[in-house]
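Step one of this worksheet: look at the structure below.
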2 protein chains.
Amino acid sequence: MSPVSRLPARALAPRRHDEILKRLSAQGSVSVAELAGFFDVSRETIRRDLKMLSDQSMLGIVHGGAARFEPSEPAMSLRSRENAEGKTMIGKAAAGLIKDGMVVFLDSGTTTLAVAHAMTDLRDLTVCTASLKIALHLCHVPGMRVHMLGGEIDPGEEAASGIDTLDAMARFRVDIAFLGGGALSPDGEVTDFTRAGAEQRGRMIALAGKAFFVLDASKFGKLTPLRVPNFERAAGVIVDVDPAPALAEALSRKGPKLIVANLM
Amino acid sequence: MSPVSRLPARALAPRRHDEILKRLSAQGSVSVAELAGFFDVSRETIRRDLKMLSDQSMLGIVHGGAARFEPSEPAMSLRSRENAEGKTMIGKAAAGLIKDGMVVFLDSGTTTLAVAHAMTDLRDLTVCTASLKIALHLCHVPGMRVHMLGGEIDPGEEAASGIDTLDAMARFRVDIAFLGGGALSPDGEVTDFTRAGAEQRGRMIALAGKAFFVLDASKFGKLTPLRVPNFERAAGVIVDVDPAPALAEALSRKGPKLIVANLM
DNA sequence: TGGTTCACTGCCACATATTGCAACATCAAT
DNA sequence: ATTGATGTTGCAATATGTGGCAGTGAACCA
């Protein structure tokens, strides 16, 4: 149904919607009473407006009005709460692969952050990461030397990326790397959202003695556009629940070992 | 725009939550009484708000209010509480020197972090910093491009330092730089605790179009071992209270202008 | 032109959510 | 241990949300 198809003399509804969205993007939230007063219409009308806009996912309705979906909330902090338990298990399994004295690379992402949190009992490690949160956390763990890779910060990942990051990475001799990924595609490969991300992970596989992907179940069978180069040379994929047999088989054909964290 | 200037007659719950989180990230903690007064609602309502945000792990509730989560960081978080008000004033004064479109360098330290917090209303800036916290904060401000300088992380400063950092710094063309320092010595010079810190600041003075030191009163008249090279070429020193006349005079003889933040 | 349709709106009644108040329990600091 | 401030809980008051219904006016058609 298109509200714009007809143009009555007083085309008030679309005008209200425009104004509502404008206010929303300026202030982050609007109240029904405030809008009803402004347009001089009843509260019910405003609520119907908000309902329509909400159906189009233009805003979220709250008691008393409406609010923008992501006012100023970092994407990361939302994602980090999803499947927190699974990520913790993966983190522990991953940390179990690390031996004292190693040089460890930690990719950006919420699952690798869980690995960092599970690493607090290890000693005498050199950690290399592009993630601000991982660096901030691990630098306070005694006996850990943290090297932050520089570069332009991607707000969504809260991590450095780009040419400077690739450049800095290349200087390290890494014993073990833990990498995130956008998806574990049905044909058993890790794929990514962006060219830069895929490239960075592919390079790290080549650079590190052993490279493990850490992926929670929400990534299974999804499809993202970029294949990670060198994927078949990765040492393993650490997950929190058993994937479908077909997926597990596809993965094993590629090479990397499947490690299911909840068996430990 | 001052956050205290507007008084929403009756705020929507999400609007309160936004403001609470904003204050929290700016000041580190909020009190129930202060918020109840600001929003003109009862303390119970504020407590319910804090409970909700706490359930979402957005903050921690303490007696009398709420505090930001800071898992484990002894050094920095203690220092940032010291003279928080003075640092906020310095931050505002410093931010006032920045024009939209500039390339800004922010040194590590608690006072420069206050500058970063005062920068949220500026737009179209490129910010370059070695501080993890500053990068993490500013990367979520719309219209800001943040470049993190890589290097080994100093846990006390929560910032990168060392040869890699100096190296990365040299690639930037910086319009304005805000630098911390260990002390403002009695003879009117900024001095530092470490060779690496002094060297890094000295280089930035040479590199930046204008370089300002930001120092709160606790640094006055102290003595630390390393002189900052090029200090006389710095544009100014921003402080929160008037220093002793002898100190002010010594400083003015060196060259940099003295800017006292509380006069603004 | 006149009649009909239909989207839009406002009003009403009732359901639900949020808030403030007051009484009581706790905490923190002498 | 006392005291003032803060946290908690139940309850009543108010504000807000929902669905039904009828009036309005524009659009459409004969």
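Here is how names work: the chains are called A, B, and so on, in the same order as the sequence lines, proteins then strands, and each is numbered from 1.
Nucleotide C:dA7 holds its P atom 16 Å from the CZ atom of A:R16, rounded to whole Å. As rounded to whole Å, 17 Å separates atom C1' of C:dG20 from atom CG of B:L35. Put simply, NE2 on A:H17 is 13 Å from C1' on C:dA7, counting in whole angstrom units.
Applying the side chain to side chain donor-acceptor pair (under 3.5 Å) rule to A:Q27 yields no partners; only residues at least two apart in sequence or on another chain are considered. Every residue two or more places apart in sequence or in another chain that forms a salt bridge (Lys or Arg N to Asp or Glu O under 4.0 Å) with B:D107 is listed here: B:R201. When the side chain to side chain donor-acceptor pair (under 3.5 Å) test is applied to B:T120, no partner is found at least two apart in sequence or on another chain. Considering only residues two or more places apart in sequence or on other chains, A:E152 meets the salt bridge (Lys or Arg N to Asp or Glu O under 4.0 Å) condition with B:R145. When the side chain to side chain donor-acceptor pair (under 3.5 Å) test is applied to A:D154, no partner is found at least two apart in sequence or on another chain. Here B:E44 pairs with nothing under the salt bridge (Lys or Arg N to Asp or Glu O under 4.0 Å) rule; sequence neighbours left out. Partners of B:H137 by side chain to side chain donor-acceptor pair (under 3.5 Å), not counting sequence neighbours: none found. Evaluation of the ring pair (Phe, Tyr, Trp, His ring centres under 6.0 Å) rule for B:F213 yields B:F231 as partners, not counting sequence neighbours.
The existence of a salt bridge linking B:E19 and B:R15 is excluded, since no basic side-chain nitrogen approaches an acidic carboxylate oxygen closer than 4.0 Å.
Scanning residues 57-67 of chain A for heavy-atom distances under 4.0 Å to DNA chain C yields A:H63. At a non-hydrogen distance threshold of 4.0 Å, B:E44, B:R47, B:R48 from residues 43-52 of chain B come into contact with DNA chain D.
Note on residues 50-66 of chain A: pairs passing salt bridge (charged side-chain N to carboxylate O under 4.0 Å, His left out), not counting sequence neighbours, are A:K51-A:D55.
The bend of the helix from C:dT1-D:dA30 to C:dT30-D:dA1, defined by the angle between the axes of its first five and last five pairs, stands at 40° to the nearest 10°.
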